[in-house]
Amino acid sequence: MKKTYKLSREPEVLRPDLCIIGAGSAGLSVAAIAASFGASVVLVEKSRMGGECLNVGCVPSKALIAAAQQAHAFRHAERFGIGSGDDPAVDFAKVHRHVKDVIAAIAPMDSVERYTAMGVQVIQAEASFTDGRTVTAGGKTIQARRFVIASGSRPAVPPIPGLDRVSYFTNDTIFDLAEKPEHLVVIGGGAIGVELAQAYRRLGARVTVLEAGERILSREDPEMAAVVERALRREGVALRVGSAIARIEPRPDSRFAVVIEEGESVEGSHLLVATGRQAVTEGLGLEAAGVGSDPTGILVGRDLKTSNARIYAIGDCVGGDGAMGRFTHAANHQAGLVIRNALFRLPIRWSRAPIPRVTYTDPELAAVGLTEEEAKAAHKAIRILRWSFADNDRARAEGATEGHVKAVVTPRGRILGCAIAGRHAGELIMPWVMALSKGSKVSELAGLVYPYPTLSEVTKGAAVEFLKPSTQNPWLRRLIGLVRRLG
């Protein structure tokens with residue numbers, strides 16, 4: 001008698017140690033670390049591996065900025081006795097190819113093939129919770145011991161009247177632009193807006209930035225943001241602060257006009273909306289999973305767990321007080337913390353780590369810890385220490401004397417925060433990050449030996465400023481006088 005087999009339509013059930021939703025920087029970091037410890041991992045991604053940072057964020061923007069820096073250096077080489085100082089011939093198609101080539105060179109590190117080779121099961125589909133311990137994706141059911149939501153963010157597009165009637169870019173699409181904009185209008189004076197504004201200006205475009213607030217880089221110390229603002233204005237970027245937008249009107253030949261509330265309008269050829277990013281949470285089935293959220297994103301505690309103890313959330317999708325700033329390095333830090341807790345049950349408190357932030361303009365603006373205003377609100381007394389790049393010999397040699405270090409410390413020298421506006425500020429902030437994380441005093445930075453001549457000496461210069469009042473101590477002066485008399 002011939003046997004007959006009944007075909008099951010039940011979805012395959014996977015039971016890994018960890019299921020990670022999202023293959024951006026946060027999710028990939030968790031997957032790689034967990035797999036290296038021998039944990040079973042399922043990684044679900046509905047779009048591109050590498051997420052925002054690789055494909056439309058950190059990587060392409062820095063590649064574009066690097067191309068713009070070359071054009072800027074060409075224009076100003078004559079002051080070093082090189083070249084003619086003429087404008088360079090910018091081939092936008094080749095600039096675009098350079099950006100895409102950089103992405104392609106890094107992409108294998110984030111590829112499905114690499115993570116599969118690590119032992120991670122990658123499912124390229126949309127994931128959704130059906131209950132507090134079950135996710136479905138690509139026809140499979142996943143019941144993991146723990147889940148990590150790392151769904152990332154997308155551009156926040158404000159409800160500006162008329163915006164839907166014109167073509168516009170966000171930072172998710174601007175890197176597909178392979179032609180020079182005649183006049184790029186940027187809505188938003190935050191980090192993304194000013195970085196791209198300067199880059200396109202250096203590549204030969206006319207650029208106007210419209211910021212509704214009183215100044216650009218509103219989250220940064222006003223004194224330090226002013227250094228960047230002066231540089232942008234000097235290079236020809238038109239900055240319009242206090243410019244609340246009433247509406248956008250289409251014009252012939254795909255042009256547009258941005259109408260300011262006062263009635264004035266700014267016409268342009270290309271429009272970039274750079275008004276921040278918002279968490280991606282729709283379609284995840286958060287309610288079915290018992291995961292709390294608000295308009296800012298998924299809510300977590302200090303252990304990065306959501307209201308469902310089986311489920312963590314990290315990276316750009318986190319909102320509320322749990323948000324650490326939408327930075328790749330913050331997401332990677334959270335990934336390591338989740339591994340400690342999810343796999344080894346070690347206690348974690350994400351809020352203890354100082355998270356630096358960098359705006360990649362020229363000069364760069366880097367900061368960590370409290371600003372002067374925040375420190376004054378939290379402490380009875382503080383001291384401000386400054387040191388100018390103009391007083392640094394390496395900066396003089398390179399013609400990069402713009403900017404300064406500004407450190408905020410207690411009267412006893414405990415470091416509360418630091419901001420640096422100047423050449424390579426993103427690199428120079430690290431000693432201050434280390435000092436903050438270790439609870440060090442500024443005198444410890446003053447006592448280090450710095451190689452000469454390097455830009456790193458600006459840190460020593462600022463730190464030594466703390467010691468100067470002690471040289472006015474009358475007892476110290478008497479001691480020095482006594483030593484002199486004794487020969």
Side-chain angles (χ1 to χ4, degrees), residues 215 217-231 352-359 361 363-398 400-477 480:
R215 60 185 179 87
L217 301 175
S218 60
R219 296 182 180 179
E220 302 297 341
D221 186 307
E223 175 186 329
M224 310 309 285
V227 176
V228 176
E229 180 175 338
R230 288 192 295 270
R352 287 184 175 177
I355 304 297
R357 56 192 183 275
V358 183
T359 300
T361 47
E364 290 181 353
L365 173 51
V368 66
L370 301 181
T371 65
E372 178 181 357
E373 184 178 352
E374 291 167 341
K376 284 179 177 177
H379 296 268
K380 291 182 179 180
I382 62 170
R383 281 187 61 187
I384 303 297
L385 312 175
R386 294 181 178 85
W387 191 261
S388 173
F389 276 71
D391 294 323
N392 178 270
D393 291 355
R394 180 63 176 272
R396 284 282 181 188
E398 295 184 357
T401 58
E402 189 170 18
H404 62 281
V405 179
K406 179 181 181 179
V408 185
V409 302
T410 66
R412 292 184 175 273
R414 182 167 64 88
I415 299 168
L416 302 175
C418 179
I420 304 174
R423 174 73 62 89
H424 299 310
E427 314 292 341
L428 299 176
I429 199 67
M430 279 312 298
W432 299 94
V433 177
M434 175 69 78
L436 266 175
S437 67
K438 300 296 184 183
S440 304
K441 290 189 174 182
V442 71
S443 56
E444 295 178 53
L445 291 178
L448 296 177
V449 179
Y450 296 78
Y452 174 86
T454 63
L455 295 177
S456 67
E457 291 177 290
V458 295
T459 285
K460 180 166 187 172
V464 167
E465 286 293 297
F466 177 78
L467 303 177
K468 284 187 176 179
S470 64
T471 63
Q472 306 303 315
N473 187 306
W475 292 104
L476 181 61
R477 286 180 171 274
I480 293 173

**OP:** Identify the heavy atoms of I382 and E372 that sit nearest to each other, and give their distance.
**Re:** CD1-O, 4.1 Å

Original post:
Please walk me through it: do K460 and L448 pass side-chain contact (heavy atoms from CB on, under 4.5 Å)?
Top reply: CA-CA 8 Å; K460 180 166 187 172; L448 296 177; over 6 Å; no

Original post:
Does one side chain, of T361 or T359, offer a donor that lies under 3.5 Å from an acceptor on the other?
Top reply: no

Original post:
With side chains defined as the heavy atoms from C-beta onward, is the minimum distance between V408 and L370 less than 4.5 Å?
Top reply: no

**OP:** Take V368 and I355, measure what side-chain contact (heavy atoms from CB on, under 4.5 Å) needs, and give me the verdict at the end.
**Re:** CA-CA 6 Å; V368 66; I355 304 297; over 6 Å; no

**OP:** Could you check L445 against I415 for side-chain contact (heavy atoms from CB on, under 4.5 Å), going step by step and ending with a plain yes or no?
**Re:** CA-CA 10 Å; L445 291 178; I415 299 168; 3.9 Å; yes

**OP:** Could you walk me through whether R396 and T401 pass the side-chain contact (heavy atoms from CB on, under 4.5 Å) test, one step at a time?
**Re:** CA-CA 6 Å; R396 284 282 181 188; T401 58; 3.8 Å; yes

**OP:** Could you tell me whether E220 and R357 make a salt bridge, using a distance below 4.0 angstrom between a side-chain N and a carboxylate O?
**Re:** yes

Original post:
Which pair of heavy atoms, one from E465 and one from W387, lies closest together, and at what distance?
Top reply: OE2-CZ3, 3.5 Å

Subject >> Rounded distance [0.5 Å steps], CE in M430 versus OG in S456 >> reply: 14.0 Å

Subject >> Heavy-atom closest contact (L467 atom, A446 atom, distance) >> reply: CD1-CB, 4.0 Å

Original post:
What distance do S443 atom OG and R414 atom CZ have between them, rounded to the nearest 0.5 Å?
Top reply: 13.0 Å

Subject >> E374 side chain to T371 backbone, donor-acceptor under 3.5 Å >> reply: yes

Original post:
Where is the tightest heavy-atom contact between R215 and S218, given as atom of each residue plus distance?
Top reply: NH2-O, 3.0 Å

Original post:
Any chance CZ of R386 has more than 12 other-residue heavy atoms, nucleotides or ligands included, within less than 6.0 Å?
Top reply: yes

Subject >> I420 side chain near W432 side chain, heavy-atom distance below 4.5 Å >> reply: yes

Original post:
Which heavy-atom pair separates V227 from G403 by the least distance, and what is that distance?
Top reply: CG1-CA, 3.9 Å

**OP:** Mark yes or no for whether R383, through its side chain, and P411, through its backbone, hold a donor-acceptor pair below 3.5 Å.
**Re:** no

Original post:
Rounded to the nearest 0.5 Å, how far does OG1 of T454 lie from CG of D393?
Top reply: 10.0 Å

**OP:** To the nearest 0.5 Å, tell me how far L428 CG sits from F389 CZ.
**Re:** 5.0 Å

Subject >> CD-OG distance between E402 and S388, expressed to the nearest 0.5 angstrom >> reply: 10.0 Å

Original post:
Can we say E364 and R423 salt-bridge, meaning some charged N sits less than 4.0 Å from an Asp/Glu carboxylate O?
Top reply: no

Original post:
What pair of heavy atoms forms the shortest contact from A425 to L365, and how long is it?
Top reply: CB-N, 4.4 Å

Subject >> Flag if over 12 foreign heavy atoms under 6.0 Å of CD, E373 >> reply: no

Subject >> E457 and R394, any side-chain heavy atoms less than 4.5 Å apart >> reply: no

